[in-house]
Structures are given as structure tokens and as C-alpha cells.
Amino acid sequence: MPSAAHDPAAAREPAPSLGFGLGLRPAHYAAILDGGDAGIDWFEAITENHLVGGGRPLHVLDAVRDRRPVVLHGVSLSIGGIDPLDFDYLARVRALAARVEPAWISDHLCWTGVDGCNLHDLLPLPYTAEALAHVVPRVQAVQEFLGRPLVLENVSSYVDYVSSECREWEFLAELVARTGCELLLDVNNVYVSHRNHGFDPVAFLDGLPRGAVRQLHLAGHSDLGTHVIDTHDAPVREEVWALYAHAVRRFGPLPTLLERDDAIPPLPELAAELAHARQVAAGVRARAA
Amino acid sequence: MRLAELQRATRSYLLEGGTPPSTLCEAVGAPAVERWRVYADAYRIRLVGVLADTYPVLSRTLGDDWHPIALGFVLARPSTHRSARDYGGELAAFLAEDGADPALRRLGELAAFEWALAGAFDAPESATLAVSDLAGLPPEHWERLGLAFVPSLRRLSLTTDAVATWRTASGGTAGDDDRAGGEWLVWRADLEPRFRRLEDDEADALDRCRAGGTFGELCAALDARHGDAAAALAAQWLRRWIDDGLVAAAGPG
């Protein structure tokens with residue numbers, strides 16, 4: 001059972017207004033610590049990169065945390081995997097959270113491995129009653145263990161399953177209703193999956209419960225014509241900015257995070273892209289006023 | 001398809017490649033085979049990339065030969081680690097499986113050296129002992145003195161010029177220290193991995209102390225070969241280990 005703090009019926013705390021942040025990557029460590037992070041309000045650290053005993057990864061994370069708010073973003077919880085939850089891993093996540101006091105802890109609605117083998121990918125689930133019944137108690141157990149709501153991200157996907165009984169956003173909404181978990185809405189992932197599967201991306205956004213979205217993600221992708229791949233190696237595309245504007249209209253000025261994992265440019269270039277996100281969000285709010 | 005069946009079929013396909021099984025190709029959307037190939041390709045690219053990050057000099061040294069070797073490892077040794085950073089520790093053994101090939105033996109030792117550097121890089125933090133911490137130790141306590149070493153310390157016994165290869169490929173200049181083979185020490189100080197050669201006597205002494213031997217036992221072991229100089233030699237090494245930041249604590253053994 002979820003703890004009272006995670007009761008879906010309980011009033012949610014409003015999301016802290018972290019502003020506009022950037023995924024923390026080793027390529028930028030030196031520039032950030034030299035004070036080159038102007039225009040970046042917060043950082044999102046990949047949890048697994050810092051689940052180490054010590055040395056530079058923790059030293060840098062501590063130093064970044066002294067400068068800015070930090071969020072921990074995991075990639076291997078495997079909340080949808082059939083293997084038992086790994087409480088050794090979760091204990092390490094909990095210890096890291098006690099050290100850096102992240103604003104929240106996120107991971108992905110996906111599975112990453114099976115039978116002890118980690119495939120190091122964010123693999124989609126079939127959106128079935130069986131999968132929901134499997135994931136709900138696991139989310140509840142993780143929230144109980146971490147003592148906070150889990151924030152789950154929608155993944156980009158290249159395949160869909162005939163066995164799916166509902167749409168991805170309906171699955172996410174039901175998961176929120178049953179567990180009180182929160183959502184990290186990756187706008188680029190919505191766009192990528194929409195192109196690959198043909199659903200209406202606006203319907204995806206409109207199908208998510210308003211109060212449950214804690215954070216937004218932005219990233220670039222590669223358009224191969226027949227399909228789109230979530231490569232995180234290029235600036236955010238126009239189509240995704242348009243979808244982002246819709247997300248801000250629907251969910252409000254949520255903390256927004258830019259991800260870049262390949263062909264990583266210097267920090268000022270990414271700060272400029274974040275400034276564009278600010279403009280888009282400000283434009284939406286100005287029109288709404 | 002049941003969740004367990006789907007996940008196991010996906011794992012088999014990603015690890016083995018080929019054509020995705022018909023159970024997975026029931027996926028909605030006509031080009032299911034092409035879509036599944038995105039995942040299969042990404043699996044290989046991602047893990048080969050992880051290995052290249054962990055073994056930067058080995059991958060550069062191998063050049064065009066790197067990719068087939070790394071891919072061979074990826075296909076033979078699936079990851080069981082939550083963090084990709086922990087993947088690839090068996091690469092040295094994988095390369096050394098054909099022990100008769102001297103080139104592979106050298107590459108295997110280069111891999112072992114880079115894995116030791118990677119391990120030292122983010123090993124657990126530890127306090128380190130200062131020479132002054134031992135200043136007031138009564139003479140009778142030295143006999144029973146035992147040492148605890150920092151968690152970043154790694155020991156390597158090499159037979160090839162792997163370290164010289166690493167140093168040259170990293171932009172350094174090979175020196176006397178880099179003659180082929182020998183006993184090596186890797187650890188972390190000031191957030192950076194460090195390494196140095198150990199002469200055989202010092203390596204034996206360090207290994208003896210790491211295994212729980214006391215300072216008195218070390219002196220006794222040195223006595224046969226070094227006689228009256230044994231205690232001074234042991235003290236000299238201890239001083240160096242402390243100055244290097246290798247010793248976490250000292251106390252009754």
C-alpha cells in the first residue's frame with residue numbers, strides 16, 4: 001500500500017520552481033566549476049554515474065550541488081522489468097539522495113533487463129492490464145523505500161505491441177492514479193514516439209493529469225524519414241518547440257531540462273538553447289495573461 | 001504475449017542479433033524488423049562506446065581492430081551491472097584467453113592497467129595517515145603495527161611493456177620506470193589516478209602488509225636478505241607509502 005504521503009488522493013505539493021536546467025555531463029564539469037554556468041538554473045545528474053564510492057564524480061556532484069539545485073535521474077531502475085526490484089541498488093540511490101538532497105528522483109517507465117542481464121536501454125512496455133498490475137506495486141515499493149514520490153519519464157520508442165490494450169498516456173495516467181507517482185514529461189520522446197507510431201502528440205499531452213507532471217524534458221532527435229530516433233545529439237527541433245509550448249500551456253511553467261548526450265557543444269551554446277526555452281515559455285504565459 | 005515472455009524474447013534478440021522472432025514482429029507498424037534493428041544496433045553501439053570510454057588508450061592503440069574486438073566482447077559477455085561504468089572488467093581476461101599470442105597478452109595487460117586506473121578513479125573515499133600520526137608511537141608498539149590501505153589501491157604484475165605503451169599513447173614519455181614487465185601499483189591521490197613501479201622487494205613487502213602482516217613480521221621477513229638494514233628499509237617503504245597517500249590507518253595488527 002502507498003504511504004499516506006504518496007496517497008494519490010492527497011493534495012500534491014506544487015513543483016518547486018527550479019526554472020531551466022541542463023543535464024550534467026562530464027564534458028562540462030570544468031566549465032561549470034569555473035563559474036561558466038550562467039543562465040542554467042539547475043542540473044540533472046544521471047544517478048548511475050554517481051553511484052560510486054568516491055573520486056571526481058562525487059566531488060563534482062557535491063560542488064555542483066553547492067552552486068545549484070540538483071535532480072537525480074536514473075536509467076536502470078527497470079520498474080517494468082520482471083526481475084525482482086534490486087534493493088541494493090535502491091539503497092545506493094537512497095544514500096546518494098541523502099548526500100546531495102535532490103529536488104526529486106526520477107527514472108523511466110520501461111524495463112532495462114531481465115534474468116540478471118542489463119541491456120542498458122530504456123525498453124518499452126506493452127500497455128496492458130498485466131503490465132500495470134506488475135508495475136503498480138513496484139512503484140509503491142520504491143516510493144516506500146525512498147520515502148518520496150517517484151517521478152517517471154515516458155520513453156521514446158520504436159516498436160509498439162499488438163498486445164497493448166490502451167495508449168501510453170492512458171497507462172501513465174492510470175499509474176499516477178493508482179500509485180501517486182509523478183511524471184517527467186519528455187516532450188521530445190512524445191514527438192519521437194508519435195512519428196514512429198502515428199498517434200496524436202497533443203492527445204498524449206492532453207491525456208496526462210495536470211497536477212502530476214513534475215518536470216519537462218527537451219532534446220534533439222534524428223529524423224530518418226521512415227522513423228525518428230531519439231539521439232540527443234542535436235538542438236531541439238521546431239516541431240518539438242511547438243509541442244513544448246503546448247505542454248507549458250497545459251501544465252504551466254514547469255521546471256524544464258535540456259538533455260544533450262552526443263556531439264556535446266560548449267556550455268554557452270546550451271545555455272542559449274535554454275534561453276530559447278525561457279522565451280517560448282514566457283511567450284505562452286504572456287498570451288495566456 | 002505475456003510480459004515475461006516478451007522481455008526474454010527481446011533479450012535473446014538483442015544479444016544474439018539476426019532477425020527478431022515472429023513474436024516480437026507482431027509489433028504494430030509495418031517495418032517491425034527495421035524498428036527492432038534500432039534497438040539491436042543501439043545495444044551494440046552503446047556497449048562498445050562504454051568500453052571505449054573505459055579503455056581509451058587500448059581502443060586508440062588498436063585503431064581499426066578495436067571495434068571487432070570490442071564487439072566480440074560485448075556479444076560474448078552481456079552486462080550484469082546496473083551502471084554501465086562497471087561493465088567490461090573481464091576484457092583483460094577475454095583478450096588473454098589466447099595466452100600464446102604475445103600481442104594479445106600485451107593488449108590484455110594494457111586492458112588490465114586501464115581497468116585498474118578506472119577502478120582507482122572512483123573508488124571509495126578514505127582518510128589517509130600522516131607520518132606525524134606515528135610520531136608518538138612507543139617503540140614496543142611498532143612490532144605489532146598493522147596497516148590498512150586506501151580502497152583505491154590496486155596491484156598489477158605485468159610481463160609486457162603495457163605501461164610504456166599507455167604512457168606513450170597518452171602523450172607522455174616512456175622512462176626507465178617503463179621497462180617491460182614488473183610489479184605495479186595504481187591508486188588515487190588528489191582525485192587523479194596515480195601509478196608507479198614497485199621493485200620486487202617493495203612489492204613483496206606491500207603485499208605482505210596488505211594481507212595483514214605486521215611491521216614486525218615484515219622486518220623479520222626482510223632480515224634474512226637485508227640483515228641489520230631490514231628495519232630501516234621497512235621504515236623507508238612505510239614512509240613512502242604514507243607520503244603517497246596509500247595508508248588509511250595504522251594500529252595493532
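Excluded from the calculations below are hydrogen atoms, water molecules and symmetry mates; all remaining heavy atoms, backbone and side chain alike, are included. Within every chain, numbering begins at 1; the chains are lettered A, B, ... in the order of the sequence lines, protein sequences first and strands thereafter. This structure is a prediction, so every number in the text was calculated from the model and none was measured.
Heavy-atom distances place the backbone of Ala123(B), and not its side chain, under 4.5 Å from chain A. Heavy atoms closer than 4.5 Å to chain A are found in both the backbone and the side chain of Arg11(B). When heavy atoms are compared at a cutoff of 4.5 Å, Leu14(B) approaches chain A solely by way of its side chain, counted from C-beta outward. In this structure, chain B has no heavy atom under 4.5 Å from any part of Ser164(A). For Arg82(B), the parts sitting under 4.5 Å from any heavy atom of chain A are the backbone and the side chain alike. Contacts between His120(A) and chain B at a heavy-atom distance below 4.5 Å involve backbone atoms as well as side-chain atoms.
Aromatic ring centres of His221(A) and Tyr191(A): separated by under 6.0 Å. The aromatic ring centres of Phe73(B) and Tyr87(B) sit less than 6.0 Å apart.
Between chain A and the options Ala84(B), Ser79(B), Pro78(B), Ser83(B), the largest number of non-hydrogen pairs under 4.5 Å is found for Ser79(B). Interface remark: of the candidates Asp190(B), Thr80(B), Val38(B), Val38(B) forms the most heavy-atom pairs closer than 4.5 Å to chain A. Annotation: maximal heavy-atom pairing with chain B below 4.5 Å, among Gly113(A), Gly81(A), Gly198(A), occurs at Gly81(A).
Of all residues spanning residues 46-56 of chain A, those with a heavy atom less than 4.5 Å away from chain B's heavy atoms are Glu48(A), Val52(A), Gly53(A), Gly54(A), Gly55(A), Arg56(A), arranged by number.
Ring-plane geometry between Trp241(B) and Trp237(B) is classed as parallel, the angle between the planes falling under 30 degrees on a 0 to 90 degree scale with a further cut at 60.
Of the possible polar contacts, none joining the Asp186(A) side chain to the Asn154(A) backbone as a donor-acceptor pair under 3.5 Å is found. Remark: side-chain polar atoms of Glu101(A) are not paired, donor with acceptor, to backbone N or O of Arg65(A) under 3.5 angstrom. At distances below 3.5 Å, at least one donor-acceptor pair connects side-chain atoms of Arg35(B) with backbone N or O atoms of Asn196(A). Using a distance-only test at 3.5 Å, with no hydrogens or angles considered, no donor-acceptor pair links the side chain of Glu153(A) to the main chain of Ser106(A).
Atom CZ of Arg2(B) has 12 or fewer neighbouring heavy atoms from other residues, nucleotides or ligands inside a 6.0 Å radius.
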Solution key, residues 168-177 of chain A side-chain donor-acceptor pairs under 3.5 Å, sequence neighbours excluded:
{"residue": "Glu170(A)", "atom": "OE1", "partner": "Arg167(A)", "partner atom": "N", "Å": "2.8"}
{"residue": "Glu174(A)", "atom": "OE2", "partner": "Arg178(A)", "partner atom": "NE", "Å": "3.0"}

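Paired with Asp244(B) under the rule salt bridge (Lys or Arg N to Asp or Glu O under 4.0 Å), one option of Arg196(B), Arg194(B), Arg188(B) passes, and it is Arg196(B).
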